[in-house]
Number of protein chains: 2
Amino acid sequence: MAGKSVIPISLVSVKAACTQCSLHELCLSEGLSQEELASLDSLVGARRKLKRQQFLYRAGDPFEAIYAVRTGFFKTDVLLEDGREQVTGFQMAGEILGMDGIGTDTHSCNAVALEDSEVCVIPYAQLEQLSREIQALQRNFHKVMSRELVRDQGLMMLLGTMRAEERLAAFLLNMSQRFTTRGYSAAEFNLRMTREEIGSYLGLKLETVSRAFSRFQEERLIAVQQKHVRILDGERLRRLLNHAPR
Amino acid sequence: MAGKSVIPISLVSVKAACTQCSLHELCLSEGLSQEELASLDSLVGARRKLKRQQFLYRAGDPFEAIYAVRTGFFKTDVLLEDGREQVTGFQMAGEILGMDGIGTDTHSCNAVALEDSEVCVIPYAQLEQLSREIQALQRNFHKVMSRELVRDQGLMMLLGTMRAEERLAAFLLNMSQRFTTRGYSAAEFNLRMTREEIGSYLGLKLETVSRAFSRFQEERLIAVQQKHVRILDGERLRRLLNHAPR
DNA sequence: GTTATAGCTTGATCCATGTCAATACACCTG
DNA sequence: CAGGTGTATTGACATGGATCAAGCTATAAC
């Protein structure tokens, strides 16, 4: 950290903010020039640390900023008046939270840290301003939102047409893929969420999730112990998808 | 149409393009000055007419433009390799289609006209350009995308936690609300989609949709005959939501 | 006007997942 | 290390919606 004195100070400070946290093309800084990165950095100054179970924002909160996950793990969820909960997503390093608030100036879901986490606070008014000046930033931001729309389509497909085991397979492969992108093992990881949260995300009850885990273990597709998952046969897991049982 | 000669020619041409079709704040032109509207108009020049069942774009098509529905009715859907279909949305006048393509430069779903329709073609590169110049346009565009994210959250909630009759009630109330916004009757309308398409959207089989319709009719909540729906008791229909059965 | 076809309704049955309940496990606290 | 609490597993049973099947109704085609 303190070494590498060949790097000019200005660059080090840039690195500390955006270059370091943006895992390649995950965040908003992809493809920006050094100069542009510096502008983005000055905007992103603020950080916020959250303890496990703390809310980053709640449904109804006024919208002021979007957030880039630096470290940690989040869930977003929506609550119905009668108490039913739908987890709408899990977010990890490099992913953006809070865009649901842009349309109405009010957040429409809750965002909760599932472990101690840190986010970059990106004040929205300033982001709009800067993305009128920096085309690459504008483009990145639009791409992030659009990909979120596509992600949602995938989840609708899952919730609307898949059976329990397909859903869990899709979930595990998605997790694996995202860990891989971040340089972690594709085959072995620790889930940060409970069976109930997975179930809520997948439109299943926690018992059904648990049974599907057990089934996969019997079938030697995975080895699972509580939150620790090892994927033994990703190929077969993948084949479970896109092949209707009848 | 040909009358009203008091309106200057420049305004008439503006009206023909954006002022007329954008039902208030639905489209992208909300809050733009006359001058800005003219810029947007020059961008939106092209129109496209589609016959019933024609594709506006297909999954895999290169992304070039987004589309504003001028007249008619669309559905978007995603297909799985094994043939399973998930309808991800129904779009009517003033709504924007195609934003799924921004993230990957490729459309991720199909968009099909459910009746003869017309759209405004908005070339995306030019929209980005112009929205760097016109703050109100940038803001509108972001709001449209964000509202789409929020809409998706609602659909996930529906697919993940609601029972068949709740889903249909939510669907009918949503339709009613959107027709109202467009100046049509809230209580009486013609659906443009089949039971199968409704089912696909709601994560149900067409038979289940049909049975739920019949049930609502028995209960005097609605009067339904094929695609024609009259809402008799919107209040009770609304109470069906947000009240878990147990 | 007749026929064909797609769409819709309704009934009978089946099955995947929900529900309820008991137990086990892991982790934290003191 | 004991106890407690939240989490996970597993079993038995219930049920909502899927499936299969038959018939009906509107609309389009000829």
Side-chain angles (χ1 to χ4, degrees), chain A residues 51-53 75 82-87 112 114-116 158-169 171-172 190-219 222-229 240 244-246, chain B residues 51-53 75 82-87 112 114-116 158-169 171-172 190-219 222-229 240 244-246:
Chain A
K51 290 274 174 208
R52 198 172 111 85
Q53 303 291 34
K75 73 168 177 184
D82 58 30
R84 282 181 285 184
E85 175 196 34
Q86 176 70 31
V87 171
V112 186
L114 293 184
E115 61 183 25
D116 294 359
L158 179 147
L159 291 168
T161 74
M162 293 187 188
R163 348 180 81 255
E165 291 186 7
E166 293 181 273
R167 295 184 196 195
L168 186 62
F171 170 76
L172 290 173
N190 279 297
L191 299 171
R192 313 301 154 90
M193 68 294 278
T194 66
R195 298 290 188 263
E196 186 169 22
E197 286 162 335
I198 297 172
S200 171
Y201 180 63
L202 299 178
L204 302 169
K205 291 294 161 182
L206 71 96
E207 294 94 328
T208 305
V209 173
S210 182
R211 278 186 245 271
F213 268 118
S214 301
R215 189 97 209 294
F216 284 176
Q217 176 139 268
E218 282 166 28
E219 304 264 344
I222 64 171
V224 56
Q225 197 179 19
Q226 305 287 124
K227 295 203 157 70
H228 185 84
V229 175
L240 246 175
R246 76 195 55 247
Chain B
K51 290 276 174 204
R52 199 172 111 85
Q53 303 290 36
K75 74 168 176 183
D82 58 30
R84 280 181 287 183
E85 176 196 32
Q86 175 70 30
V87 171
V112 186
L114 293 183
E115 62 183 25
D116 294 358
L158 179 146
L159 291 168
T161 74
M162 293 187 187
R163 346 178 82 257
E165 291 184 8
E166 291 181 276
R167 294 183 197 198
L168 186 63
F171 170 75
L172 290 173
N190 279 297
L191 299 171
R192 314 300 155 92
M193 68 293 281
T194 66
R195 298 289 188 265
E196 187 169 20
E197 286 163 335
I198 297 172
S200 170
Y201 181 63
L202 300 178
L204 301 169
K205 291 294 161 182
L206 70 96
E207 294 94 328
T208 306
V209 174
S210 182
R211 278 185 244 271
F213 268 118
S214 300
R215 190 98 208 294
F216 285 176
Q217 176 139 268
E218 283 167 28
E219 303 264 344
I222 63 171
V224 57
Q225 197 179 18
Q226 305 287 124
K227 296 203 155 71
H228 186 85
V229 175
L240 248 176
R246 74 194 58 246

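Lettering follows sequence order; numbering is per chain, from 1.
Interface remark: the Arg211(B) side chain does form a donor-acceptor pair with the dT19(D) base, using a distance-only criterion of under 3.5 Å.
If you measure from atom CZ of Arg52(B) to atom C1' of dT27(D), you get 10 Å, rounded to the nearest angstrom. Across the protein-nucleic acid pair, Met162(B) atom CE and dG17(D) atom C1' stand 17 Å apart, rounded to whole Å. Between the CG atom of Leu168(A) and the P atom of dA8(D) there is a distance of 13 Å, rounded to whole Å. Atom CZ in Arg215(B) sits about 13 Å away from atom P in dT10(C), given to the nearest Å. Rounding to whole angstrom units, CZ of residue Arg167(B) and P of dG16(D) are separated by 14 Å. In this structure, NE2 of His228(A) is placed 15 Å from P of dA8(D), rounded to the nearest angstrom. Taking atom CZ of residue Phe216(A) and atom C1' of nucleotide dA8(D), one finds them 17 Å apart after rounding to whole Å. Per the geometry, CD belonging to Gln53(B) stands 14 Å off C1' belonging to dT27(D), to the nearest Å.
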Check: Going through the checks in order, is the side-chain contact (heavy atoms from CB on, under 4.5 Å) test met by Gln226(A) and Leu191(A)?
Finding: CA-CA 9 Å; Gln226(A) 305 287 124; Leu191(A) 299 171; over 6 Å; no
Next item on the list: Let me see the working for Val229(A) and Phe213(A) under side-chain contact (heavy atoms from CB on, under 4.5 Å), right down to the final yes or no.
Entry: CA-CA 10 Å; Val229(A) 175; Phe213(A) 268 118; 4.2 Å; yes
Next item on the list: Would you check, one step at a time, whether the test side-chain contact (heavy atoms from CB on, under 4.5 Å) holds for Gln86(A) with Leu159(A)?
Entry: CA-CA 11 Å; Gln86(A) 176 70 31; Leu159(A) 291 168; 4.1 Å; yes
Next item on the list: Show your working on side-chain contact (heavy atoms from CB on, under 4.5 Å) between Glu85(A) and Thr161(B) and close with a plain yes or no.
Entry: CA-CA 8 Å; Glu85(A) 175 196 34; Thr161(B) 74; over 6 Å; no
Check: Please walk me through it: do Arg52(A) and Asp116(A) pass salt bridge (Lys or Arg N to Asp or Glu O under 4.0 Å)?
Finding: CA-CA 5 Å; Arg52(A) 198 172 111 85; Asp116(A) 294 359; over 6 Å; no
Next item on the list: Take nucleotides 21-30 of chain C nucleotide by nucleotide from the 5' end and write B, S or -, depending on whether a protein heavy atom sits under 4.0 Å from the base, only from the sugar-phosphate, or from neither.
Entry: -----S----
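In this structure, the side chain to side chain donor-acceptor pair (under 3.5 Å) partners of Glu219(B), at least two apart in sequence or on a different chain, are Arg215(B). Scanning for side chain to side chain donor-acceptor pair (under 3.5 Å) contacts around Asn190(B) gives His228(B), with sequence neighbours left out.
For the pair Thr208(A) and dG18(C), the criterion of a side-chain N or O lying under 4.0 Å from OP1 or OP2 is met. Note on Ser210(B): a side-chain N or O is less than 4.0 Å away from OP1 or OP2 of dT9(C).
One axis for each end of the helix from dG1(C)-dC30(D) to dG30(C)-dC1(D), each built from five base pairs, and the angle between them comes to 50° at 10° resolution.
Across all non-hydrogen atoms, the minimal contact from Thr208(B) to Ala164(B) is CG2-CB, 3.7 Å.
Nearest to the side-chain atoms of Arg163(B) among the listed nucleotides dT17(C), dC8(C), dG16(D) stands dG16(D). Of the candidates dG17(D), dA12(C), dA8(D), dA8(D) carries the atom nearest the Lys227(A) side chain, counting heavy atoms from C-beta on.
Identified under the salt bridge (charged side-chain N to carboxylate O under 4.0 Å, His left out) test for residues 190-203 of chain B, with sequence neighbours left out: Lys75(B)-Glu197(B), Glu115(B)-Arg192(B).
The distance from the CG atom of Leu158(B) to the CZ atom of Arg163(B) is 13.0 Å, given to the nearest 0.5 Å.
A heavy-atom distance below 4.0 Å to DNA chain D is reached by these residues of residues 190-206 of chain B, ordered by number: Gly203(B), Leu204(B), Lys205(B).
Between Leu168(A) and Phe216(A) there is a side-chain heavy-atom pair separated by less than 4.5 Å.
Side-chain atoms of Ser214(A) come within 3.5 Å of backbone atoms of Ser210(A) as a donor-acceptor pair (strictly under, hydrogens ignored).
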